[in-house]
Amino acid sequence: MAVRPEIAVGYLADVIEGIVAAGFPRLLIVNGHDANMSTVRAAMEWVSGRRTASLLLVNWFQLVTPAETTELYGPLPARGHGGAYETSGVLGFAPDAVRLGAVDDLPPRPKLPVTHPYVLVESRPDPWQGWSGHISLADERIGRQVRELAGTRLREVVAAWVAAPLSAPPTDAPLPTDAPAGGPEPEEAP
């Protein structure tokens, strides 16, 4: 089921602001779906403009790098939507929740042959099965490794965040005017 971005951002902003207003100066949000990152971030940005808070968003999917995924699974793409990487993660938590024989591999489309960062959004294939990737590579043991590695990194991120001081509350004071924003004052012509 799809939810319009403006509805999702509004809902998340209300939830996040409510938690902050209840007295929590820090809020950790762990995301489990890449496509939600911009939606969650937009809600966090809105709240941070209204409330003094430290809001941390971590995507578990990114805590294990693509290079590490290749080490675990081999050269076939394993990181597709609901693919071997995500399915292994679920197997690592709840192996009885997965029926590997129920679906076939659905290799994701190849990435563009460039090294520059990009975001490509395309319409879903019809029919959309809800997954892509080489699900046959999913493995409970690898799922436990993924979970342990992602968990270790999440703990490291959170520990560093909690150790950092909270930022000062926003102020209505104007920006300092002792130095111009563009650098030193230009010299006047004679």
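Just the heavy atoms: all of them, side chains too, but no hydrogens, waters or symmetry mates, feed the values below.
- Side-chain heavy-atom separations under 4.5 angstrom define the hydrophobic clusters, and Leu166 shares its cluster with no other residue.
- Listed by first then second residue, pairs satisfying side-chain hydrogen bond (donor to acceptor under 3.5 Å, both in side chains) with a partner in residues 24-38 read Asp34-Asn59, not counting sequence neighbours.
- For Arg99, the salt bridge (Lys or Arg N to Asp or Glu O under 4.0 Å) test picks out no residue, with sequence neighbours left out.
- Summarising the hydrophobic clusters (Ile, Leu, Val, Met, Phe, Trp, Tyr; side-chain heavy atoms under 4.5 Å, direct or chained), the residues clustered with Val119 are Val121.
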Donor-acceptor list for residues 13-23 side chains, cut-off 3.5 Å, not counting sequence neighbours:
{"residue": "Glu17", "atom": "OE2", "partner": "Arg50", "partner atom": "NE", "Å": "3.2"}
{"residue": "Glu17", "atom": "OE2", "partner": "Arg50", "partner atom": "NH2", "Å": "3.2"}
{"residue": "Glu17", "atom": "OE2", "partner": "Arg51", "partner atom": "NE", "Å": "3.2"}

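- Proximity of a side-chain donor or acceptor of Thr87 to a complementary backbone N or O of Gly82 within less than 3.5 Å is detected.
- In summary, of the residues considered (Leu12, Leu57, Leu56), a side-chain contact (heavy atoms from CB on, under 4.5 Å) with Met44 occurs for Leu57 alone.
- Listed here is the closest heavy atom pair of Ala78 and Thr69: CB-CG2, 4.1 Å.
- Scored by the side-chain hydrogen bond (donor to acceptor under 3.5 Å, both in side chains) test, Glu71 finds no partners at all (sequence neighbours excluded).
- Using a 4.5 Å cut-off between side-chain heavy atoms of Ile, Leu, Val, Met, Phe, Trp and Tyr, with links allowed through other members, Val98 and Leu106 fall into the same hydrophobic cluster.
- Residue pairs meeting the ring-ring contact (aromatic ring centres under 6.0 Å, His included) criterion with at least one member in residues 83-118, sequence neighbours excluded: Trp60-Tyr85, Phe61-Tyr85.
- Taking CD1 of Ile135 as the start and CG of Leu100 as the end, the distance is 8.0 Å to the nearest 0.5 Å.
- The two residues Val90 and Ala97 have their closest heavy-atom pair at CG1-CB, 4.4 Å.
- Interatomic distance, CZ of Arg141 versus OG of Ser88, reported as 9.5 Å (0.5 Å rounding).
- Trp46 is linked by a ring pair (Phe, Tyr, Trp, His ring centres under 6.0 Å) to nothing, counting only residues two or more places apart in sequence or in another chain.
- Cluster annotation: Val30 and Met37 are assigned to distinct hydrophobic clusters (Ile/Leu/Val/Met/Phe/Trp/Tyr, side-chain heavy-atom contacts under 4.5 Å, transitive).
- Note on Ile29 and Trp161: separate hydrophobic clusters, where clusters join Ile, Leu, Val, Met, Phe, Trp and Tyr whose side-chain heavy atoms are under 4.5 Å apart, directly or indirectly.
- Connection of Phe24 to Val47 is established within a shared hydrophobic cluster, with ILVMFWY side chains joined at heavy-atom distances below 4.5 Å, either directly or through further cluster members.
- In terms of heavy atoms, His134 sits closest to Pro77 at CD2-O, 3.0 Å.
- In the hydrophobic cluster analysis, where Ile, Leu, Val, Met, Phe, Trp and Tyr join through side-chain heavy atoms closer than 4.5 angstrom, Leu72 is grouped together with Leu63.
- Screening residues 82-94 for salt bridge (Lys or Arg N to Asp or Glu O under 4.0 Å), with sequence neighbours left out, gives no hits.
- In this structure, Glu148 has no salt bridge (Lys or Arg N to Asp or Glu O under 4.0 Å) partners at least two apart in sequence or on a different chain.
- The minimum heavy-atom distance linking Ser167 with Thr52 is given by the pair O-CG2, 4.5 Å.
- In this structure, Pro5 and Thr39 approach most closely via the heavy-atom pair O-CG2, 4.4 Å.
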Would you please test Asp139 and Leu91 for side chain to side chain contact (heavy atoms under 4.5 Å, CB included) and show each step?
CA-CA 7 Å; Asp139 181 87; Leu91 282 168; 5.7 Å; no
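- Among residues two or more places apart in sequence or in another chain, the salt bridge (Lys or Arg N to Asp or Glu O under 4.0 Å) test is passed with Glu68 by Arg153.
- From Leu149, atom CG reaches atom CZ of Arg144 across 14.5 Å, with rounding to the nearest 0.5 Å.
- For Gln62, there are no side-chain hydrogen bond (donor to acceptor under 3.5 Å, both in side chains) partners two or more places apart in sequence or in a different chain.
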